[in-house]
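Report on the structure given below.
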Amino acid sequence: AQKVTQAQTEISVVEKEDVTLDCVYETRDTTYYLFWYKQPPSGELVFLIRRNSFDEQNEISGRYSWNFQKSTSSFNFTITASQVVDSAVYFCALSEGRGTSYGKLTFGQGTILTVHP
Amino acid sequence: NAGVTQTPKFRVLKTGQSMTLLCAQDMNHEYMYWYRQDPGMGLRLIHYSVGEGTTAKGEVPDGYNVSRLKKQNFLLGLESAAPSQTSVYFCASSNRDTANTGELFFGEGSRLTVL
């Protein structure tokens with residue numbers, strides 16, 4: 001069975017601080033996909049990134065960066081120079097790559113990020 | 001371009017009442033899903049469907065029924081609502097060809113309160 005753990009329930013930072021959200025996963029599959037979603041106060045789920053299990057390259061998109069390490073089964077998310085608009089709940093999720101997985105996602109518990117001005 | 005639409009957005013029920021949540025997608029997606037979101041537990045899969053006329057149980061199916069009579073619609077039913085079903089419900093859909101890479105499209109959520 002697959003599992004995603006986000007140990008940080010809540011994080012509070014002051015604007016312009018850097019913040020890292022941790023994600024640790026478990027799966028027996030060799031092919032899988034990892035995701036980060038953002039849920040702002042308005043409630044919708046916003047897709048941020050997808051990474052497949054064969055691509056361990058780190059990715060940077062503006063102030064966002066992701067560090068994928070298969071050796072530690074982690075897929076951490078860093079926001080550089082945080083802004084108030086980054087305040088949201090962030091979810092890490094896992095999808096197994098088997099055809100019979102039908103795209104089902106296993107989500108972590110979520111991390112509530114609050115950025116204070 | 002509506003995407004995934006959930007109806008209703010908010011509902012308050014009394015224990016024992018029944019109701020149906022409707023999810024409609026206009027992207028001709030084969031796969032559809034119902035998740036519930038609870039504080040500290042993330043989103044958990046209730047039921048899903050891989051095609052018209054087919055449904056399957058997810059992680060937390062008890063107390064819910066679903067139907068997929070039309071490809072574009074996925075209904076989630078609560079026959080006898082319980083306070084434990086107070087939650088935010090999300091519907092999602094995906095194309096069969098991209099489903100395994102997790103290209104899910106989510107609705108805006110439906111907040112259900114059971115008193």
Side-chain angles (χ1 to χ4, degrees), chain A residues 1-10 21-27 29-55 75 88-112, chain B residues 2-6 8-10 23 25 27 29-51 54-61 68 74 87-112:
Chain A
Q2 53 189 0
K3 184 178 179 181
V4 177
T5 302
Q6 295 177 251
Q8 304 151 307
T9 303
E10 293 190 51
L21 309 181
D22 297 333
C23 174
V24 175
Y25 63 92
E26 297 175 27
T27 179
D29 281 8
T30 56
T31 302
Y32 52 89
Y33 299 87
L34 294 163
F35 306 82
W36 277 95
Y37 283 86
K38 174 182 180 180
Q39 186 179 43
S42 51
E44 75 274 20
L45 285 161
V46 179
F47 167 82
L48 294 178
I49 190 172
R50 177 185 70 246
R51 174 67 74 214
N52 73 56
S53 53
F54 297 106
D55 184 1
F75 186 43
V89 183
Y90 290 87
F91 292 100
C92 182
L94 170 71
S95 172
E96 292 177 334
R98 290 176 285 122
T100 54
S101 71
Y102 301 118
K104 302 189 298 284
L105 290 177
T106 297
F107 285 84
Q109 302 91 323
T111 297
I112 302 171
Chain B
V4 178
T5 303
Q6 295 181 224
K9 298 287 191 294
F10 301 93
C23 177
Q25 52 94 4
M27 296 172 281
H29 285 169
E30 292 83 4
Y31 297 170
M32 296 186 74
Y33 318 81
W34 275 108
Y35 288 87
R36 61 176 288 173
Q37 180 183 3
D38 303 291
M41 304 188 76
L43 279 77
R44 294 177 293 167
L45 183 65
I46 305 171
H47 285 280
Y48 65 101
S49 168
V50 299
T54 71
T55 63
K57 294 180 180 179
E59 181 185 353
V60 288
R68 184 100 181 266
F74 194 28
S87 189
V88 179
Y89 292 85
F90 284 94
C91 177
S93 71
S94 68
N95 183 293
R96 179 176 52 208
D97 294 337
T98 57
N100 288 333
T101 61
E103 293 277 10
L104 267 60
F105 295 79
F106 283 89
E108 295 181 344
S110 297
R111 183 175 295 275
L112 175 65

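So you know, we letter chains A, B, ... as the sequences are listed, proteins then strands, and number each from 1.
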Problem set entry | pair Y35(B)-L45(A): side-chain heavy atoms closer than 4.5 Å |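 Y35(B) vs L45(A): side chains apart.
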
With a 4.5 angstrom heavy-atom cut-off, which part of [X] approaches chain A: side chain, backbone, both or neither?
| X | answer |
| --- | --- |
| L45(B) | side chain |
| F105(B) | neither |
| Q37(B) | side chain |

State whether the number of non-hydrogen atoms from other residues, nucleotides or ligands found under 6.0 Å of [X] atom [atom1] is greater than 12.
| X | atom1 | answer |
| --- | --- | --- |
| K9(B) | NZ | yes |
| R51(A) | CZ | yes |
| E30(B) | CD | yes |

Problem set entry | Inter-residue atom distance F90(B).CZ - Q39(A).CD, 0.5 Å rounding |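 Taking CZ in F90(B) and CD in Q39(A), the distance rounds to 4.5 Å.
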
Problem set entry | OH on Y37(A) to CG on L43(B), rounded to 0.5 Å |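 If we round to the nearest 0.5 Å, L43(B):CG and Y37(A):OH are 10.0 Å apart.
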
Problem set entry | Q6(A), part contacting chain B, at a heavy-atom distance under 4.5 Å |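 Neither part, no heavy atoms under 4.5 Å.
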
Exercise. Is a side-chain donor or acceptor of Y102(A) paired with a backbone partner of Y48(B) at a separation under 3.5 angstrom?
Worked result: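 No, Y102(A) side chain to Y48(B) backbone: no donor-acceptor pair under 3.5 Å.
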
